[in-house]
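First the structure, in the form of structure tokens, and then the observations on it.
In listed order, ligands and their atoms are each counted from 1.
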Amino acid sequence: MKCPYCNYKETKVVDKREANEGTTRRRRECLKCNKRFTTYEKVENIDLSIIKKDNTRQEFNRSKIEKGITRACEKRPVSYDQVKKIVDEIEAELRLKKTKEIKSREIGELVMKKLKKLDKIAYIRFASVYREFADISSFEEELKKLIKK
Ligand SMILES: [Zn+2]
């Protein structure tokens, strides 16, 4: 943290307190000119990269996942809170991984795993879009597996 007055590199923190959510306000004093200034520091989430099927990269985007799930849950007895919870869980799982590069496939699989427990119809809808079932028979196969359970 450079002093805004003299550009000296070393400062000491003379006061520290939580400002808004996730932001820390620090009162600093320059070790050279002794002038004081205030900083607001915020911890940023580490950005995850999503690697798509065609190997292009995209920034991790919560709302995209949320949209996909919401679409699959349309007219199903699934609340917005439930959708949000799934997205939270998925994000938490991804952030626990050692790698910051996630294959879009992995996310799709996670969504499917969660939807399967929540609502079978939503699961099938999501899976049919996501897996792009090559033909109707593989789709029916999946349906049969679900009905048996
Ligand atoms: Zn200074």
Side-chain angles (χ1 to χ4, degrees), residues 1-134 138-139 142 145-146 149:
M1 189 64 60
K2 274 185 190 166
C3 169
Y5 302 102
C6 71
N7 246 355
Y8 190 66
K9 267 183 277 179
E10 280 172 66
T11 61
K12 70 174 179 191
V13 176
V14 289
D15 184 34
K16 179 187 144 183
R17 67 180 71 137
E18 286 298 312
N20 288 319
E21 215 177 299
T23 311
T24 306
R25 176 188 182 274
R26 285 195 174 88
R27 193 83 182 131
R28 290 173 181 272
E29 188 181 300
C30 175
L31 292 184
K32 197 178 165 195
C33 72
N34 296 324
K35 284 201 173 90
R36 289 185 172 190
F37 59 98
T38 305
T39 58
Y40 292 89
E41 289 159 48
K42 197 179 159 89
V43 177
E44 254 181 272
N45 276 334
I46 300 157
D47 286 326
L48 297 171
S49 283
I50 306 304
I51 302 167
K52 311 240 301 174
K53 252 187 265 172
D54 58 5
N55 274 326
T56 55
R57 268 153 212 276
Q58 242 177 25
E59 226 174 272
F60 174 75
N61 187 334
R62 268 185 69 99
S63 62
K64 255 191 195 165
I65 300 174
E66 201 179 290
K67 249 186 229 164
I69 298 173
T70 305
R71 205 176 301 137
C73 293
E74 219 169 19
K75 293 186 179 137
R76 298 299 304 158
V78 177
S79 69
Y80 175 68
D81 282 345
Q82 283 173 305
V83 172
K84 218 179 141 277
K85 193 169 160 261
I86 291 182
V87 183
D88 284 345
E89 285 171 4
I90 289 171
E91 185 174 6
E93 276 182 50
L94 295 177
R95 292 202 185 278
L96 280 178
K97 287 182 186 289
K98 283 199 185 94
T99 171
K100 295 298 158 217
E101 296 188 330
I102 316 284
K103 290 198 175 81
S104 59
R105 250 198 79 222
E106 279 180 73
I107 298 178
E109 298 292 334
L110 277 174
V111 173
M112 283 194 277
K113 206 172 80 185
K114 310 242 178 234
L115 280 182
K116 208 170 187 173
K117 276 189 241 159
L118 189 68
D119 188 278
K120 298 266 188 278
I121 302 294
Y123 162 73
I124 275 293
R125 281 187 196 150
F126 187 88
S128 67
V129 175
Y130 180 74
R131 281 203 181 131
E132 297 165 1
F133 287 114
S138 57
F139 182 70
E142 193 73 21
K145 270 194 262 165
L146 276 177
K149 276 174 197 163

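- A donor-acceptor contact shorter than 3.5 Å links the side chain of Q82 to the backbone of S79.
- Partners of K35 under the side-chain hydrogen bond (donor to acceptor under 3.5 Å, both in side chains) rule, at least two apart in sequence or in another chain, do not exist in this structure.
- Considering only residues two or more places apart in sequence or on other chains, K97 meets the salt bridge (Lys or Arg N to Asp or Glu O under 4.0 Å) condition with E106.
- Tally of protein N, O or S atoms closer to the Zn ion (ligand 1) than 2.8 Å: 4.
- Listed by chain and number, the residues in a ring-ring contact (aromatic ring centres under 6.0 Å, His included) with F60 amount to none (sequence neighbours excluded).
- To the nearest 0.5 Å, atom NZ of residue K52 and atom CD of residue Q58 are 4.5 Å apart.
- Taken from CG in L115 to SG in C73, the straight-line distance is 5.0 Å, to the nearest 0.5 Å.
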